[in-house]
Amino acid sequence: MPELPEVEIARRNLVRWFSGRRLVRAEADDTRIFRGAELRHFTELSGRLESLVRRGKYLLFAFEGGRGLLGHLGMTGKFVRRTEGQGEPYSRARFHLDDGHVLHFSDARMFGRLEPAPAAQLRELDVVKALGRDPLADGLTAGQLEKAVAPSRQPLKVALMDQARITGLGNIHAAEALFRAGIHPSREPASLSPDEWKRLVGAIRATIDFGLKEQEGEEPVYLEEGRSENPFLVYGRAGGPCSRCGTPVESFTQAGRTTHFCPKCQPRSGVHASKPRAGKR
């Protein structure tokens, strides 16, 4: 599912597609992606895209005339570019440009969200104001990561996915960062040493950089769609050999999500967690 790297690639694509172009018509189906907003306000969007900012997993569109749009890709949402008249499965909303292209918001499961709002008010929306530090947009040091996450009493991986602490990481990239850092996902955040915070912040940067390179291009393919090879080091590899040491990767449930880890590379010393399992995720 889309996390910070995938949403950033969507932002870059949209900026490129809108560059030098005008939005001549915005249309959408009346679906739950507009929950909490009125569809008619979406159809009022027009003109040039003046800015497009990403905060965590959210996209903040500002069009000329002061109109804006908050976007969230949810679990399966993506923006794709097609020519006028070319169909797109699961298209829920469409931007018709003056060059004959149509930008589709395609979302099979409709957990995504589009919310029109005045451009000047986008950063003041509650969901945006509640976001923590963005590792890519704001930068992230070991000290900043420790300050944001160490006070949490949740297991470390769960705390990393708390968007009010650090925004943008989800189940995949939190697991990947912890694997890269060699830290067990059930550690108590306050138990990490200064060296471990340094390793973890470097691992977060590395997994984000990897995700950006992996998803670069106009046609993103998410692992959950089942149309791509699993490119990740530990996520989704339960039962298979660790890419570093060959030990079988294990998984267990944290906060309702499946966590993957290597028991040798990420030792459980001093950790109390659910009993891990090997096998399918």
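On a predicted model such as this, the values are computed, not experimentally measured, just so you know. This chain uses plain numbering: 1 for the first residue, then up along the sequence. What you see below is based on every heavy atom in this structure, not just the backbone, and it leaves out hydrogens, waters and symmetry mates.
Counting heavy-atom neighbours within 6.0 Å of Arg153 CZ, excluding the residue itself, gives a total of 12 or less. For Arg123, the CZ atom counts as loosely surrounded, since its 6.0 Å shell holds 12 or fewer non-hydrogen atoms of other residues, nucleotides or ligands. When the shell of 6.0 Å around CD of Glu27 is examined, it contains more than 12 heavy atoms from other residues, nucleotides or ligands.
Separating the CG atom in Leu103 from the CG atom in Asn13 is a distance of 10.0 Å, to the nearest 0.5 Å. We find the CG-CD distance between Leu45 and Glu64 to be 11.5 Å, quoted to the nearest 0.5 Å. The structure places OG of Ser152 at 11.5 Å from CD1 of Ile166, a figure rounded to the nearest 0.5 Å. The distance from atom CZ of Phe18 to atom CD of Glu50, rounded to the nearest 0.5 Å, is 12.0 Å. Put simply, CD1 on Ile208 and CG on Leu169 are 5.5 Å apart, with the number rounded to the nearest 0.5 Å. To the nearest 0.5 angstrom, Ile183 atom CD1 is 4.5 Å from Leu192 atom CG.
Panel note: side chain Gln266, backbone Cys262; a donor-acceptor pair is recorded below 3.5 Å. No side-chain donor-acceptor contact under 3.5 Å links Gln215 to the backbone of Tyr222. Using a distance-only test at 3.5 Å, with no hydrogens or angles considered, a donor-acceptor pair links the side chain of Arg244 to the main chain of Phe179. Under a 3.5 Å cut-off, the side chain of Thr83 and the backbone N or O of Gln86 do not form any donor-acceptor pair. Panel note: side chain Gln144, backbone Thr141; a donor-acceptor pair is recorded below 3.5 Å. At least one donor-acceptor pair under 3.5 Å links the side chain of Arg92 to the backbone N or O of Ala108. At least one donor-acceptor pair under 3.5 Å links the side chain of Asn171 to the backbone N or O of Thr258. A donor-acceptor pair under 3.5 Å is formed between the side chain of Glu196 and the backbone N or O of Ser193. For Gln163 (side chain) and Gly168 (main-chain N/O), a donor-acceptor pair under 3.5 Å exists by modelled atom type. Of the possible donor and acceptor atoms, one in the side chain of Glu176 sits under 3.5 Å from a partner among the backbone N and O of Val234.
If you check the side chains of His260 and Ser251, you find no donor sitting under 3.5 Å from an acceptor. A donor-acceptor contact under 3.5 angstrom links the side chains of Asp107 and Thr76, judged on distance only.
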Item to check | Chi angles and distances behind the side-chain hydrogen bond (donor to acceptor under 3.5 Å, both in side chains) call for His101, Glu84 | outcome: CA-CA 5 Å; His101 283 100; Glu84 192 73 52; over 6 Å; no
Item to check | Intermediate values then yes/no, side-chain contact (heavy atoms from CB on, under 4.5 Å), Leu97 and Val24 | outcome: CA-CA 6 Å; Leu97 305 184; Val24 296; over 6 Å; no
Item to check | Derivation and outcome, side-chain contact (heavy atoms from CB on, under 4.5 Å), residues Leu69 and Glu115 | outcome: CA-CA 6 Å; Leu69 178 70; Glu115 181 180 344; 5.6 Å; no
Next on the checklist: Let's go through His184 and Leu178 carefully: what are the C-alpha distance in whole Å and the side-chain angles of both, what is the deciding distance for side-chain contact (heavy atoms from CB on, under 4.5 Å) to 0.1 Å, and is it a yes or a no?
Outcome noted: CA-CA 7 Å; His184 195 282; Leu178 288 166; over 6 Å; no
Checklist entry - Going through the checks in order, is the side-chain contact (heavy atoms from CB on, under 4.5 Å) test met by Arg32 and Arg113? => result CA-CA 8 Å; Arg32 67 180 182 180; Arg113 176 182 176 188; over 6 Å; no
Checklist entry - Do Phe42 and Phe34 pass the ring-ring contact (aromatic ring centres under 6.0 Å, His included) test, and can you show the C-alpha distance, the side-chain angles, and the key distance before you say yes or no? => result CA-CA 9 Å; Phe42 179 81; Phe34 288 99; 5.4 Å; yes
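Under the 4.5 Å side-chain heavy-atom criterion for Ile, Leu, Val, Met, Phe, Trp and Tyr, Phe61 and Val128 are members of distinct hydrophobic clusters. Put simply, Phe105 and Leu122 are part of two different groups of oily side chains (I, L, V, M, F, W, Y) that touch within less than 4.5 Å, one to the next. No chain of hydrophobic side-chain contacts below 4.5 Å, direct or via other Ile, Leu, Val, Met, Phe, Trp or Tyr residues, connects Leu131 to Leu114. The hydrophobic clustering, which links ILVMFWY residues whose side-chain heavy atoms are closer than 4.5 Å, places Leu233 and Leu160 apart. The cluster map of Ile, Leu, Val, Met, Phe, Trp and Tyr, joined by side-chain heavy atoms under 4.5 Å apart, puts Val201 and Leu4 in the same cluster.
Judged by the 6.0 Å and 45° rule, Arg21 forms no cation-pi pair with Phe95. Cation-pi contact between Arg237 and Phe261: absent, since separation from the ring centre below 6.0 Å together with deviation from the ring axis within 45° is not met.
A salt bridge does not link Glu88 with Arg94: none of the charged nitrogens is closer than 4.0 Å to a carboxylate oxygen. Electrostatic pairing of Asp195 and Arg199 counts as a salt bridge here, judged by a charged N lying under 4.0 Å from a carboxylate O. We find that Glu8 and Arg11 are joined by a salt bridge, their nearest charged nitrogen and carboxylate oxygen being less than 4.0 Å apart. Ion pairing between a basic and an acidic side chain is recognised when a charged N comes within 4.0 Å of a carboxylate O; Lys57 and Glu6 show no such pairing. The pair Asp98-Arg25 does not count as a salt bridge, with every side-chain nitrogen at least 4.0 angstrom from each carboxylate oxygen.
Remark: of the listed residues Arg81, Arg82, Lys78, Arg82 is the sole one forming a salt bridge (charged side-chain N to carboxylate O under 4.0 Å, His left out) with Glu219.
Ring geometry, Tyr235 versus Phe232: the interplanar angle exceeds 60°, so the pair is classed perpendicular (tilted spans 30 to 60°).
Across all their heavy atoms, His173 and Pro5 have their closest contact at NE2-CG, 3.6 Å. Shortest non-hydrogen contact noted between Pro267 and Gly182 is CD-O, 4.2 Å.
Remark: aromatic rings of Phe79 and His104 are distant, center separation not under 6.0 Å.
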